[in-house]
Chemist: 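This is the structure I want to talk about, given as structure tokens.
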Amino acid sequence: GKMAEGGREAKGGVFAKSLKRATRAKERFLQSIGKAEKSEKDETFEDYVGNFNNQQAAAVKLQKELKTYATSVKAMSTASKNLNDALIEAYGDDWPDKDDVQNTQDNMDLMWSDYQEKVTREVLSPVNTYQSQFPEVKQRIAKRGRKLVDYDAARHALAAVQQSKKRDEAKLHKAQEECQKSKKVYDDVNNGLMDELPALHDSRIGFYVSTFQALFSTEQRFHEDMSKLKSRLGDKLEKLQQEANTGKFQTKRIPRSPGPSSPSMAEVVSAAMNKPSLHMEKPSLHNDTDHDDHYESVDLHGGLKNGEVDVTLPSGEIEGPSGKLPGIKGPSFTAPSFNTPSVNAPSVKSPAVEVASPEMPSLNASLKGPDIEGPDLSAKEEPDLEIEPEVEPLKADLEADIAPELPERSPSPVENSIDSVPDNTMYSVITTHSYTRCDSDELSFGTGETIYIVPFDDPDDADEGWLMGVKQTDQSRGLLPENHTKRLKT
């Protein structure tokens, strides 16, 4: 029996809560279309809310920048330690006070670690605590808006009963109780915020003073102590420089023995200008080393006329890479100058070549090529090749084989844009009327928009006639009145 009574009470509580939410949704709908009078805005409360929003924005930015500052202090601590390690590694073992330099650098590393810890504990942690109070206050501001709608609905219901032609005392009494109850709930939330919002806003001054005083005093002590350590390191380096000036750490040098002096540039030029005529011996063209043929030397400075070159060739055969070729026989001859035709250019005369043989007297003859006894090296003409008719098809096949494959067209951003349906979506609705939100936790939408319905984070916040949804267009989340929507079939 008790379990049945408890079940009935639970069902009754759920029904009453659902009825209240339905009434609220109806009231907001009537207010949105102008069919119901809306309570006038409390200008004082609106000013409080404006101050609250500005205070929260400043706290969010301060928290962000202090996190960046703490991260930078940590990075500087690591960089300072690495730099000190590199300096002590480069510091010579025989240099003065190396142990003192090492101890000073160790103290610097400890100071950086202590500074980083104080910034986190004395500055960043209080800012995080200060920032954490704003979301809870923001939820109560939104709750005040919903309770105000409930109060407006109760007032309108009471007025409707009072204006009814058939006076029903029971309905009138119930409407009066609902109106008084709604007013009390709204007044409790509203009065609490009216006291808390200005107090929260005034607390910002004391918070800023304590936070930045802690930061600046920590910085001041750190830089003062660090300056003393750096001054001590500077003194050690000055001492090192003074001892180095005395030659104490000078690298030993090995004296070099004097070597032969190199000739000057003037001597080299003078020797080149006074150099006698250059004579070159002609190498033997015979591979057989038994022959000891002697050639005349060629005087490059005399004995030549009109650019002629005196070339003396031996008689006999010349051994080539593939056998012996017949020797060049006949009188020596001089190649006369001849003209090489050129397009739009003057003719160029080549120098005459004089070939002297020790067996024959010199003769002048027109140069038509030496008389070489040997096989006929004239090339034979190749017969014309017929082109088979399948060349063109083969060419087409080859072009088809080597044609680069075109990459597949990547889909456009529009094609890629797939609605992101929340994982916890229960069903979808389409809006039948437009709605402009009255609180920050509600959605605004137009007619014909698709909204995914998801469960409330806290089931106690669920009100009858109100749904929690995610808009398909911008994925924004918030409350929406159920009587503005139509459920879609899945």
Side-chain angles (χ1 to χ4, degrees), residues 7-39 138-161 171 174-175 178-179 181-183 185-186 189 419-490:
R8 285 194 296 270
E9 290 178 358
K11 291 182 179 180
V14 172
F15 177 76
K17 193 172 185 179
S18 300
L19 182 61
K20 179 180 64 176
R21 290 170 180 168
T23 305
R24 183 188 303 163
K26 180 181 178 181
E27 180 66 20
R28 288 200 175 187
F29 173 67
L30 294 175
Q31 290 179 355
S32 65
I33 63 176
K35 295 292 183 67
E37 184 181 357
K38 205 172 185 179
S39 295
K138 192 170 184 179
Q139 289 180 359
R140 283 195 283 146
I141 292 175
K143 183 178 181 180
R144 174 192 177 274
R146 291 193 295 269
K147 299 307 177 183
L148 178 59
V149 174
D150 294 342
Y151 177 47
D152 288 341
R155 290 192 301 108
H156 295 153
L158 177 60
V161 172
K171 287 185 177 181
K174 184 179 179 180
E178 289 293 331
C179 184
K181 182 179 178 181
S182 299
K183 183 178 185 303
V185 173
Y186 166 74
V189 178
D419 295 337
S420 178
V421 182
D423 296 337
N424 57 347
T425 299
M426 299 185 296
Y427 57 90
S428 302
V429 300
I430 188 170
T431 59
T432 56
H433 300 83
S434 61
Y435 180 76
T436 302
R437 68 178 186 179
C438 301
D439 292 322
S440 58
D441 60 344
E442 298 177 2
L443 290 178
S444 296
F445 49 81
T447 304
E449 293 193 33
T450 300
I451 299 178
Y452 304 115
I453 304 304
V454 298
F456 284 81
D457 294 337
D458 185 357
D460 293 337
D461 291 340
D463 293 335
E464 181 66 24
W466 287 87
L467 305 173
M468 178 62 69
V470 178
K471 293 180 65 175
Q472 182 190 50
T473 55
D474 58 4
Q475 300 296 307
S476 59
R477 176 188 172 102
L479 295 170
L480 67 150
E482 186 176 7
N483 55 9
H484 282 56
T485 64
K486 178 181 179 182
R487 183 165 179 169
L488 296 176
K489 295 182 179 180
T490 57

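The figures that follow rest on heavy atoms only: side chains count, while hydrogens, waters and symmetry mates do not.
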Chemist: Between OG1 of Thr436 and CG of Leu443, what distance do you get to the nearest 0.5 Å?
Modeler: 11.5 Å

Chemist: To the nearest 0.5 Å, what is the distance between CG on Asp461 and CE on Met468?
Modeler: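 These two atoms lie 7.5 Å from each other.
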
Chemist: Do the non-hydrogen side-chain atoms of Phe445 and Ile451 ever get within less than 4.5 Å of each other?
Modeler: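 Yes. Closest side-chain heavy atoms under 4.5 Å.
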
Chemist: If only atom types and distance count, is the side chain of Ser182 paired as donor or acceptor with the main-chain N or O of Cys179 below 3.5 Å?
Modeler: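 Such a contact is absent between Ser182 side chain and Cys179 backbone.
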
Chemist: What residues form a salt bridge (Lys or Arg N to Asp or Glu O under 4.0 Å) with Glu449, not counting sequence neighbours?
Modeler: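 Salt bridge (Lys or Arg N to Asp or Glu O under 4.0 Å) list for Glu449, sorted by chain: Lys471.
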
Chemist: Can a salt bridge be assigned to the pair Asp439 and Lys143 using a cut-off of 4.0 Å between side-chain N and carboxylate O?
Modeler: no

Chemist: For the pair Thr432 (side chain) and His484 (backbone), establish whether a donor and an acceptor sit closer than 3.5 Å, ignoring hydrogens and angles.
Modeler: yes

Chemist: Looking at side-chain heavy atoms only, is the closest gap between Ser444 and Tyr435 below 4.5 Å?
Modeler: no

Chemist: Report the residues that fulfil side chain to side chain contact (heavy atoms under 4.5 Å, CB included) with Ala175, sequence neighbours left out, ordered by chain and then residue number.
Modeler: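 If we apply the side chain to side chain contact (heavy atoms under 4.5 Å, CB included) test to Ala175, skipping adjacent residues, the hits are Leu158, Val161.
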
Chemist: Kindly write out the residues that satisfy side chain to side chain contact (heavy atoms under 4.5 Å, CB included) with Pro422, not counting sequence neighbours, or none if the list is empty.
Modeler: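 Testing Pro422 for side chain to side chain contact (heavy atoms under 4.5 Å, CB included), a comparison that skips the adjacent residues, returns Asn424, Thr425, Tyr452, Val454, Val470.
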
Chemist: Under the side-chain hydrogen bond (donor to acceptor under 3.5 Å, both in side chains) test, which residues partner Asp458, sequence neighbours left out?
Modeler: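 Once residues adjacent in sequence are excluded, Asp458 has no partner under the side-chain hydrogen bond (donor to acceptor under 3.5 Å, both in side chains) criterion.
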
Chemist: Is there a side-chain contact between Ile453 and Val429, using heavy atoms and a 4.5 Å cut-off?
Modeler: yes

Chemist: Report the residues that fulfil side-chain hydrogen bond (donor to acceptor under 3.5 Å, both in side chains) with Lys183, sequence neighbours left out, ordered by chain and then residue number.
Modeler: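 Scan of Lys183 (side-chain hydrogen bond (donor to acceptor under 3.5 Å, both in side chains), adjacent residues dropped) gives Asp187.
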
Chemist: Hey, mind stepping through Tyr186 and Asp152 against side chain to side chain contact (heavy atoms under 4.5 Å, CB included) and telling me if it holds?
Modeler: CA-CA 10 Å; Tyr186 166 74; Asp152 288 341; over 6 Å; no

Chemist: First locate atom CG of Leu148, then atom CZ of Arg144, and finally report the distance between them rounded to the nearest 0.5 Å.
Modeler: 6.0 Å

Chemist: For the residue pair Leu479 and Arg146, establish whether any side-chain heavy-atom pair is separated by less than 4.5 Å.
Modeler: yes

Chemist: Determine whether Thr485 and Ile430 make a side-chain contact, defined as any pair of heavy atoms from C-beta on separated by less than 4.5 Å.
Modeler: no

Chemist: According to salt bridge (charged side-chain N to carboxylate O under 4.0 Å, His left out), does anything in residues 426-438 pair up with another residue at least two apart or in another chain? List the pairs.
Modeler: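 As it turns out, there is no salt bridge (charged side-chain N to carboxylate O under 4.0 Å, His left out) pair with a partner in residues 426-438 once direct neighbours are skipped.
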
Chemist: Between Glu482 and Trp466, is any pair of side-chain heavy atoms under 4.5 Å apart?
Modeler: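 Glu482 does not reach Trp466 side chain to side chain.
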
Chemist: So how far is it from Arg140 CZ to Lys147 NZ, rounded to the nearest 0.5 Å?
Modeler: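 Between atom CZ of Arg140 and atom NZ of Lys147 there are 14.0 Å.
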
Chemist: Would you please name every residue forming a side-chain hydrogen bond (donor to acceptor under 3.5 Å, both in side chains) with Arg477, sequence neighbours left out?
Modeler: Asp457

Chemist: Using the test side chain to side chain contact (heavy atoms under 4.5 Å, CB included), find all partners of Lys138 that sit at least two apart in sequence or belong to another chain.
Modeler: Phe52, Gln56, Ser440

Chemist: For Ser476, which residues count as a side-chain hydrogen bond (donor to acceptor under 3.5 Å, both in side chains) partner, sequence neighbours excluded?
Modeler: Asp474

